[in-house]
Every structure is written in structure tokens, then in C-alpha cells.
Student: 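One structure, as C-alpha cells, below. Some questions next.
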Amino acid sequence: MASTLGVLEALLRNPGAIATKLEVKQLLKALLKRPGAITSASEAKQLHAQILKHNPSSPLYTSTAICVYSNFKLLNQSLLLFKTLQSPPSLAYKSIIKCYAVNGRFVESLASFVDMRASGNTPDHSVFPSVLKACAFLLDLRLGEAVHGCIIRLGMDVHLITGNALINMYAKLQSLAESEWRERDRRKVFDGMSERTVDNLFASQLSQESLGSCLDGRSRTGAGADSSVKKVFETMTTRDIISWNTVIAGNAQNGLHEDALAMVREMGGAGLKPDIFTLSAILPIFAQYVDVDKGREIHGYVIRYGFDKDLYVASSLINMYSRCARVEDSIRVFKITRQRDTISWNSVIAGCVQNGMFDEGLRLFRQMLKDNVIPGSVSFSSIMPACAHLTTLNLGKQLHGYIMRCGFDDNVFISSSLVDMYAKCGHIRTAGWIFGGIKGRDMVSWTAMIMGCALHGYAEDAISLFEQMKLEGIRPNHVAITAILTACSHAGMIDEGRRYFDRMTEEYGIRPGLEHYAAMADLYSRKGKLNDAYQLISTMTTPTGTIWSLLLSACRVHKNVDLAEKVASKIFEVDPENIGARVLLSNIYANDGRWKEAAKVRMTMRNMGIRKNPACSWIEVKNKIHTFIADDKSHPLHDEINIALCELQEKMELAGYVADTSEVLHDVDDEQKKYLLYGHSERRAIAFGIMSTPAGTTIRVIKNIRICVDCHTAIKLISKIVGREIVVRDNSRFHHFRDGECSCGEYW
DNA sequence: GTAGGGTTAG
């Protein structure tokens, strides 16, 4: 054999060499037994040439050539040969099935498998892994089960690699059928997470003893108890670390977290130590449970074993830390990871964005592009919320263009984030247009759109979307319900809001949480039903300062000082440092002319060392954000803006404008109050916007606090005078001012 | 030949 192959090597490396027919025949025969002797694609082509020269019609030789080509993943060459075969022999089928699979052509791979069975050829252990991988990829459980039956009949279910592939297929596909179980299991495990069973899990070096001790008290069984994954695993006579890791990853991804962790403990008993695959599979569990202590222990183990150079482990660690709100640790892990890919960048970017570090997220995103790392679809869905929160429309639009050029605009994660971004940037119509084009909308897409309508005051659209979502078989979760309650709240629809609130438990199985109480309290408060709001909040077991503050704010609008004092004391009970509440209370006193009390509250604040955030507005002009803070004169065009405001003022007064000074909370005379109103940040931002953009351009301004009554009146007039649409987002909603009117219908 | 990481609404 060795000498035959030696001749072959000589022949292949020197195709011009003359070989006798006998020699070639011997060579090919030897190759039939050892196709692996061919070590490069070019040698494979030489072999093909020899076959064409000496025996082109032999199915056996042709199959051998296909086999050799498929070893080098050369699909086109394999196919050319395969198509010449009238009735392909087993080897040809096996090779082509594998070749399709390694090239990601799973449909064709399975079709060839079906052809092979129909032609009476018997598959063997060499094809099943590819076939099972194809079933997993195509989410075809029925075919997978049929293949499994075939494997059992052939007695192949004890074969190590086939068994591993079976486990993988079931792990990937069972999650589809068992999503309901999964949810139940998740809650169950969550309840038990604080118990000692998981404690000290990774205390030392995952030693046999420490893992063993954790097995005591393991009590739960889940959907996985008699799952196909488990059955296959238990049937196998030999198992390797891949078998264990596949089951562990499957359990982790299917929400069987306790099972996954138990198996990590058990694998020690089989003489196997957790490796990089094991760790990257279980780290997301600690990320989900926000258990940074366990996550840290794993990080320690990772470092001790030198696994910290692995990209997968690094991304899992970055993700774990950011889910646990330790962004600094995420960034640290990212920075010391020399090798980086799209996913590790995505992890750190998403970590920043999810923790509110929008600018840092954007900076890292730009750095990623600079480093020539090609962004994937996940990169965009991770960064887009930063644009939504910062309301940087131009940046959002640029990213949208990039997304379209990449062909990612049909991705549901991305389009949902776009719906949200456009809605939050004031472009509700664009949001609606994108939403309309989403195929396979999920709960998040619907909720983003519903919330968008809510923010713009389009409650009826929000309600009809909500009902349509239910008709399409999507059961609302707690976020969707928050969105619909917010919609009702922003339109003053008390009855509708109350109905959704009262029925949410019965109809959707969701108990009202803080966010739902907040929306309802807001609904009553805005409508002036202050006592109803008070009653509702009082029924809560532990109302927060934030919820009481909604009512306090309404007390200011509806000028109810007595209730305000009562509410304020409730707030200071649970949250003595609450800045907003103290500011509000002082304003309420000032509004009532009780300047002494107002001053007292301010004094208390000063003594406590707390300062209120100043009112500010900002506007994006030519990709630059201009910020205007109340009474701040630092803008380079400050004087020009003042002149423009005075000119506007004259035209407004001609149109009948009379300043409403009732909300000016300073102890000064009316003339001074009028002057103070000019200084309101949104007015200066709008004046600047008018000065620096072409006639007719829509002005978009964002403000950090509620818009005051006088500004609301003034902006309505300004929109008419300058003939422009002016969109102002305050801290809770959008106002579209057009031709002297506002979309909020005086309700905000 | 089989195994692992990152994403959208609040």
C-alpha cells in the first residue's frame, strides 16, 4: 500500500510523468480505500484528470473523485461529477450529502438523503451527522425524528458522533415545541436560585468535591426530565466532552438552567472538566439572573485555566457583566481581549446602550467601523436604541441607510428598533411605514409602534393596533399593556384605561406591576381626578416615590396645595432625597404666592446638598446638537436669538397673544415675569432653529421637562406666523404644532 | 462529522 501510494504521490505531483495503465489502476484501487491520502484541492483535480484519462465511465472511480472533492468542500466539482452518474453508488451519495451540508445548502443535502434512501442505498454513520445538522438548521423536527428512526433501525444510535448530532438536533428543535414549558421552568428555577444548591458552585476550581456537594438537594424536574435530548444522551454507550457540552448548551438555551448547571457538576464524575464551550454556554444563565457573584467565580476559573483568550468566553463575560449593570467590568474584559470579532464588539456596544451609556456606545460603534470590523445585523439593532434615546434623528437616518445597503432592513429586530427610533424622534409616520413593512412582527415590533402612537397622543390608533395584535394571535405581555395604558393616559381616556387595567389579570394573566400603576396614576392625575389617583396609589402595597411624584406634578397643574403637601410627605417618607418632588413642592407654593414656604423648601434642598437639574431644550441643526439651558447666555448666537424672539413677540402680540405669567415661579412683578418667559429654553431653541434652517423646514425640539402653558400658546402662534411645523418632545410626549394648533388638543 | 458568545418595545 505504501509503495502504491508513493507512486500515486509521484504521479500527482508530476502529472506529466508517464505511468503504465496497470500502475494507474492500482493507484485508483488504493485510493478507493484511502481517499484521505489526497491532501490538497489541486491533488484532487490531478486525480480527477487521471480518472478522465483512464476510466471515465466507472461509477466507482467517479464516486471516489466526488468523495475527494467533497473533502475539500468543492461543491461545484462534486456536483458536475455526480450528475454524470446514472445510479449513484452509496459513496457518491454520502459525499454529495456531506458536501451540500458543509456548504450550508441544507435543503439540497436533505433532498439528496431522501434520494439516497429511495434508491435503496443504505446510509451509514458518516452521513447522519450532516443530515441531522440540516434538520436542525431547517427546524424540521418531523424529518429529524424520521432520521432518528432510521438510525435506530441501523443500530447507529450508539455511535458517538451520530449521537452527539442527535442531541444537538433535539436540543435545537425541542425549544420550539416546548416554549410554554420553558417559561414555566424559568420561573421555577428563578425561585430556587438563591438556595444553597447553586451556592459555592464554582467556589474553588470546580473540584470534584465542591461540585459533588452541590448535587444534594437537587429537586427539580422539568420538561427536560424525559426529553429526547436526555434519552439519546442516556442511550449512548460512550460519551465525550462534546456530548456533555451539547446537552448543557441545549438545556441552557431551553431555559432548563438548573439541569444545565447540574450537568456541569456531574461531568466531573465522568472525568471531564468544563472547557471553553461549557463556560460560554452557561455564562448567559448568570447574565439572565443578574448574578454577578457566580459570574465572577466563573471569570476567576476562566483566568486560572487561561480561557480568557477565547472569543466566545470573552463575549459571554462582557454580556454577563453588562447585564449585571457592571459596564466598567464589561469594558475592561473587552479591552484586554486582543482578538476581537463582530460579536465581541456587539457585546460591549449593547452593554453600553442597555446601561444608558449612549455616547460611549456610539463611540465604540464608530471605533468598530474604524478598525475595519464589518457590522452585522445585531450591531445595528444594538446601537439603534442609542439614537432613539438621544433623539439623534440624523444619525438614526444615516444608520438606516447603512442598514439598507447591507440588506438588513427585513430583519425584525432592526425594523422594530427603527420603528422605535423614528417614533421617538418625532417621525411617527415613518415609524408607521416601516412597521407596515415588517414581515413576522413580534410582540416587540407591535409594542414599539403602540408606544410610538401613545407618545404622539394617537390613542385610537394605539388601541386599534393593540386589538389587531391580539387578533393575530400575539398575547400581550406586561410591556404591551404598559404601552396601551400610556396611550390612554396621554389622551385622557379614563374609561378605556380603567378597562384595560381591570381586565389585565383576567384576560392576559398579568398582575399589575409598578409600571401599570404608574400609567393609571398618571391617567387620573392628568385628567384632574386627583382623589382617584390618590386612592389607587394607596391600594398599592409599597408605592414608590416616583409614582407619588406623578400625582404631585398633577397637584401643581391643578393647583391643589393641600393634597400636594400630603403627597409630598408620603414621598419624603420613602425617598427623602427625591429632588424632583422638592422642586415641585417649592413650585406649587410659589404658584400659590406662598413665597416663604417655597423658599423654605429650597433652603432644605440647599442644606441637603441637592441641586435641581436645570430646564433645558436641544435641537439638531446640520448634525450638531445645540443645547439651550434656561437663563444661560453662552450660545454664540445669544444676542441674535434675542432679537429674533423680540421680533416674533411683536408679531405674536399683533395676533392677539397675551403672556400668561401664572406659571412663572419667581417673586417678581408682571413685567419681569414676561421677560423671564422669553428666556424659556424651548423658545430660544425654536428661534435658533428658525434662524438656521431654510424656510418651511420642520423644527424639532426636545425638552427635558413639561412644556409650560405660556410656551404652548406661544409656539402655536409661532407655527402659524413662520408657516412651519414645530415638533416639541417634552418629558412625556410629543406636541406637533401646525398652523396655530397643537396635536395634543390642549391635553398634556 | 458532532458542541459554545452578541440584538429590538420598558
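Quick caveat: nothing in here was measured; it's all calculated off a predicted structure. Proteins come first, then strands; the chains are lettered A, B, ... in the order of their sequence lines, and each starts at number 1.
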Student: May I ask you to say whether D410(A) pairs ionically with K439(A), meaning some side-chain N is under 4.0 Å from a carboxylate O?
Tutor: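 Salt bridge flag = no for K439(A) with D410(A).
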Student: Going by heavy atoms closer than 4.0 Å, what residues in residues 475-488 of chain A are next to DNA chain B?
Tutor: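 DNA chain B contact set from residues 475-488 of chain A: N477(A), H478(A), V479(A).
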Student: So M443(A), base contact, sugar-phosphate only, or nothing? Heavy-atom distance under 4.0 Å.
Tutor: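 Since a base atom lies under 4.0 Å of M443(A), the category is base.
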Student: Take atom CG of D420(A) and atom P of dT8(B), then tell me their distance rounded to the nearest Å.
Tutor: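 Answer to the nearest Å: 11 Å.
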Student: Could you check V147(A), I161(A), N168(A) and say which one makes a side-chain contact (heavy atoms from CB on, under 4.5 Å) with L132(A)?
Tutor: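 Checked V147(A), I161(A), N168(A) against L132(A); only one passes side-chain contact (heavy atoms from CB on, under 4.5 Å): V147(A).
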Student: Please report, rounded to the nearest Å, how far the P atom of dT8(B) is from the CZ atom of F358(A).
Tutor: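 Rounded to the whole Å, the gap is 12 Å.
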Student: Base, sugar-phosphate alone, or nothing: which one does K424(A) contact when heavy atoms must sit under 4.0 Å apart?
Tutor: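 Here K424(A) touches the backbone only, sparing every base.
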Student: So if I define the base as every atom that isn't primed, P, OP1 or OP2, how would nucleotides 2-7 of chain B read as a B/S/- string at a heavy-atom cutoff under 4.0 Å?
Tutor: BBBBBB
Student: At less than 3.5 Å, do the side-chain atoms of S417(A) and the base atoms of dT8(B) form a donor-acceptor pair?
Tutor: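 No, no donor-acceptor pair under 3.5 Å.
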Student: The test is side-chain contact (heavy atoms from CB on, under 4.5 Å); show your working for S280(A) and I276(A) and say whether it passes.
Tutor: CA-CA 6 Å; S280(A) 55; I276(A) 48 177; 5.6 Å; no
Student: In terms of side-chain geometry, is the basic nitrogen of K294(A) or E297(A) positioned less than 4.0 Å from the acidic oxygen of its partner?
Tutor: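 No.
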Student: Name the nucleic acid region contacted by V419(A), choosing base, sugar-phosphate or nothing; use a 4.0 angstrom heavy-atom cut-off, strictly under.
Tutor: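 No contact.
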Student: Is a side-chain N or O of N355(A) found less than 3.5 angstrom from the main chain of G351(A), in a donor-acceptor match?
Tutor: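 Looks like yes, one N/O pair under 3.5 Å.
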Student: Can you tell whether the side chains of R296(A) and D329(A) come within less than 4.0 Å, N to carboxylate O?
Tutor: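 Counted as a salt bridge, because a side-chain N and a carboxylate O are separated by less than 4.0 Å.
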Student: For H389(A), what residues pass the ring pair (Phe, Tyr, Trp, His ring centres under 6.0 Å) criterion, not counting sequence neighbours?
Tutor: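 With sequence neighbours excluded, H389(A) shows a ring pair (Phe, Tyr, Trp, His ring centres under 6.0 Å) to F358(A), given in chain and number order.
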Student: Between the side chains of R265(A) and E258(A), is the shortest nitrogen-to-carboxylate-oxygen separation below 4.0 Å, so that they form an ion pair?
Tutor: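 Salt bridge flag = yes for R265(A) with E258(A).
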Student: Reckon H159(A) touches a base, only the sugar-phosphate, or nothing at all at heavy-atom distances under 4.0 Å?
Tutor: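 Base, at least one base atom sits under 4.0 Å.
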